[in-house]
Amino acid sequence: QLAVEGVMPAFVWPERKTALITDDCKRHRCPKHSKDGDNKQGKEATKDDLDSQKLTTAGWRVVHTYECEISTPEGALGVAKFIRSAALRD
């Protein structure tokens with residue numbers, strides 16, 4: 001892992017200034033798995049927003065995904081294809 005602007009994305013493509021952040025479903029606003037009453041959720045969501053803001057302010061393209069979206073081979077392939085297309089766009 002590579003730290004970028006004090007943030008630890010799951011994957012980075014420095015040559016394209018693209019970062020992938022994988023969010024834990026139970027602690028980060030996942031529509032399938034989050035609970036409205038979870039206090040950590042609000043704190044984590046605020047941290048995620050600040051991390052994304054740091055990266056975008058520094059000129060990075062940020063892509064968020066939930067763990068559940070990449071937990072299957074099909075899901076991981078879909079996210080990888082999306083990231084590749086996003087990273088190749090200029």
- Task: Quick one: do Thr65 and Val63 satisfy side-chain contact (heavy atoms from CB on, under 4.5 Å)? Show the steps, please.
- Result: CA-CA 7 Å; Thr65 187; Val63 179; 5.6 Å; no
- Query: Nearest heavy-atom pair of Ala58 and Lys17: which atoms, and what distance?
  - Reply: O-NZ, 2.8 Å
- Starting at OG1 of Thr18, measure out to CG of Leu55 and round the result to the nearest 0.5 Å. 10.5 Å
- Verify whether one side chain among Thr57 and Gln53 offers a donor that lies under 3.5 Å from an acceptor in the other. no
- Nearest heavy-atom pair of Trp13 and Trp60: which atoms, and what distance? O-CZ3, 4.1 Å
- side-chain contact (heavy atoms from CB on, under 4.5 Å) involving Asp51 - partner list, sequence neighbours excluded: Val7, Lys47, Lys54
- Task: Please report the closest heavy-atom contact between Arg61 and Arg16, naming both atoms and the distance.
- Result: NH1-O, 4.2 Å
- Task: Determine the minimum heavy-atom distance between Leu20 and Pro9, stating which atoms define it.
- Result: O-CB, 3.4 Å
- Message: Check for me, please, whether Tyr66 and Ile21 land in the same ILVMFWY cluster - side-chain distances under 4.5 Å, paths through other members count.
- Response: no
- Task: Specify the closest pair of heavy atoms between Cys68 and Ser71, including all atoms of both residues, with the distance to one decimal.
- Result: O-OG, 3.1 Å
